[in-house]
*Asks:* 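Mind looking over this structure? Questions follow.
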2 protein chains.
Amino acid sequence: MKIAPEKFRFAALAVDVPVYGLINGKLHGLIAPVNRPPHYVNVEGFLGGMVDAKENALEAAQRVLQEKGNLKDVYLEQLYTFSEVDRDKRNRVVSVAHLGLVRPDTAAAYAHPHAHFVPIQKLHDLAYDHDEIHRAALARLRGNITHSTIAQFLLPRHFTLTELQSLYEMILGHELDKRNFRKKILALEILKDTGRMQEGVRNRPAALYTFTTTKLQELPLIA
Amino acid sequence: MKIAPEKFRFAALAVDVPVYGLINGKLHGLIAPVNRPPHYVNVEGFLGGMVDAKENALEAAQRVLQEKGNLKDVYLEQLYTFSEVDRDKRNRVVSVAHLGLVRPDTAAAYAHPHAHFVPIQKLHDLAYDHDEIHRAALARLRGNITHSTIAQFLLPRHFTLTELQSLYEMILGHELDKRNFRKKILALEILKDTGRMQEGVRNRPAALYTFTTTKLQELPLIA
DNA sequence: GCAAAAGTGTTAGGTATACACCCATGC
DNA sequence: GCATGGGTGTATACCTAACACTTTTGC
């Protein structure tokens, strides 16, 4: 395979990866300083980078997270391709954005000199078109959480039903009824009781659950 | 804005556009011969082409349909970006696939020397990764038809409830109850009775309906 | 009058919602 | 013993699904 003729290769192909994770029970997004004078200084953005000649977009996203964020085992799915001519004021760069989700242990262990997790409400005025990417990512998350087991990629391996419900509430943006939520989610048989209990809490310890599957699973409809 | 450094511009950026339309009440996809020796000869594929330096992917898709299919006023939405390294055996080409839908009048008027509409069941063994694009497009259509008014882009301006139901059945792949379907779809208030009737049919003429909106509208859930 | 598709309601079962109190633990 | 969050059931309203016959037209 050879490269395409010059006249078709005006654009650089990139990936941008909005990564979200729970920190102290709140949704955060991972951003890092962007420094590309003269257009982008004193500004932050999601992790991103160029796609290599020998990898597809998903592989590029994995590599970028590894290289620029020291992150492994991140759940990734393709989100949307941003191709506005001037989305990067320096050059024509087309970006295949991927949604990334990390579990709290990964997120907490994450200590990069530059990149850091910021509460999603504070993610604005980002570099390039990353505000738009952020909106698209949250919309995707909202759509997925009611139709799949995507929550499993944001929660620790063992979690309480209250933690799960709280995640749903944060993503959906409204409160849910505790009894109804439990009835519905348990009826789906996607969770199993580990038999273990919370420890070291100063109230009645909650039962710890885990997802029965490690893969993303489509669901009829929750919440 | 200048172009990116050479080392990042190894890939060509393309669009591929699976276009679907109703012909004689059946779903068809639009394909044309592909002739790119030595890898792609005697094979067909969806319309596609390169993205220009001064347009975004959606604009490229519109232009490609205009130039290669003489098609205007096609409903388009971004589908998925296909970036496998060897998806095009000649060169590295990354393609932003877009789903296209045309109304029967547009589809019927369409008479290109090469491109032609083929029943969706017969769309296989296409060039490049177009079989995969076809599957992704149908899956998207299936997901959208129950959550939006996307059916409006496949039907004539005036249509009968039976035609609408039949479209739902073809896309969902199973039959629906006539009375229940009518109740639900009318309750959504997305249709209005035009007051006109079918003419020239040799059975009781059906009432003609039209969508109240010309834009895509999200719905709670149909069928 | 016959063939073909249009149009129309009711019932039963299941699902969604609203709602409040007792329980186990740490301090 | 008190503060904190965990855990549980019922009654009602709503929605879904199943189902068959009469009507209008062209020929």
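Convention: sequence-line order gives letters A, B, ...; per-chain numbering from 1. Note that the structure is a prediction, hence the values are computed from the model and not measured.
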*Asks:* For a 4.0 angstrom threshold against heavy atoms of chain B, report the outermost contacting nucleotides of DNA chain D in 5' to 3' order.
*Replies:*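 Counting from the 5' end, contacts occupy D:dA17 to D:dG26.
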*Asks:* For A:Glu55, which residues count as a side-chain contact (heavy atoms from CB on, under 4.5 Å) partner, sequence neighbours excluded?
*Replies:*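 If we apply the side-chain contact (heavy atoms from CB on, under 4.5 Å) test to A:Glu55, skipping adjacent residues, the hits are A:Val51, A:Asp52, A:Glu59, A:Ala60, A:Arg63.
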*Asks:* Under the side chain to side chain donor-acceptor pair (under 3.5 Å) rule, collect the residues that match up with B:Glu84, sequence neighbours excluded.
*Replies:*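 So B:Glu84 forms a side chain to side chain donor-acceptor pair (under 3.5 Å) with A:Asn56.
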*Asks:* Going by the rule side chain to side chain donor-acceptor pair (under 3.5 Å), which residues pair with B:His158 if we only count those two or more places apart in sequence or in a different chain?
*Replies:*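 Only B:Arg196 meet the side chain to side chain donor-acceptor pair (under 3.5 Å) criterion with B:His158.
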*Asks:* Just to be sure I understand the geometry, which residues of residues 175-191 of chain B put a non-hydrogen atom under 4.0 Å away from DNA chain C?
*Replies:* B:Lys178, B:Arg179, B:Arg182, B:Lys183
*Asks:* Going by salt bridge (charged side-chain N to carboxylate O under 4.0 Å, His left out), name the residues that satisfy it together with A:Arg140, two or more places apart in sequence or in a different chain.
*Replies:* A:Glu77
*Asks:* Show me, pair by pair, the donor-acceptor contacts under 3.5 angstrom made by side chains of residues 212-221 of chain A, not counting sequence neighbours?
*Replies:*
{"residue": "A:Thr212", "atom": "OG1", "partner": "A:Ile190", "partner atom": "O", "Å": "3.1"}
{"residue": "A:Thr213", "atom": "OG1", "partner": "A:Lys215", "partner atom": "N", "Å": "2.9"}
{"residue": "A:Thr213", "atom": "OG1", "partner": "A:Lys215", "partner atom": "O", "Å": "3.2"}

*Asks:* Is any side-chain N or O of B:Thr162 closer than 4.0 Å to OP1 or OP2 of C:dA5?
*Replies:* no
*Asks:* Sequence neighbours left out, cut at 3.5 Å: what donor-acceptor pairs do the side chains of residues 167-175 of chain A make with other protein atoms?
*Replies:*
{"residue": "A:Tyr168", "atom": "OH", "partner": "A:Ile145", "partner atom": "O", "Å": "3.2"}
{"residue": "A:Glu169", "atom": "OE2", "partner": "A:Gln165", "partner atom": "NE2", "Å": "3.0"}
{"residue": "A:Glu169", "atom": "OE2", "partner": "A:Leu176", "partner atom": "N", "Å": "2.9"}

*Asks:* Please name all residues satisfying side-chain contact (heavy atoms from CB on, under 4.5 Å) with A:Val94, sequence neighbours left out, ordered by chain then number.
*Replies:*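 Listed in chain order: A:Ala11, A:Leu13, A:Thr81, A:Ser83, A:Arg92, B:Leu13.
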*Asks:* Which parts of nucleotides 22-27 of chain C does protein reach within less than 4.0 Å, heavy atoms only, written one letter per nucleotide 5' to 3' as B for base, S for sugar-phosphate only and - for none?
*Replies:* -BBBS-
*Asks:* Could I get the full list of side-chain contact (heavy atoms from CB on, under 4.5 Å) partners for B:Asp193, not counting sequence neighbours?
*Replies:*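 B:Ala207, B:Tyr209.
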*Asks:* Going through the distances and angles, do B:Phe153 and B:Phe211 end up as a ring pair (Phe, Tyr, Trp, His ring centres under 6.0 Å)?
*Replies:* CA-CA 10 Å; B:Phe153 303 110; B:Phe211 277 90; 8.3 Å; no
*Asks:* Of all residues at least two apart in sequence or in a different chain, which pass the side chain to side chain donor-acceptor pair (under 3.5 Å) check with A:Lys183?
*Replies:*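 Here the qualifying residues are A:Asn180.
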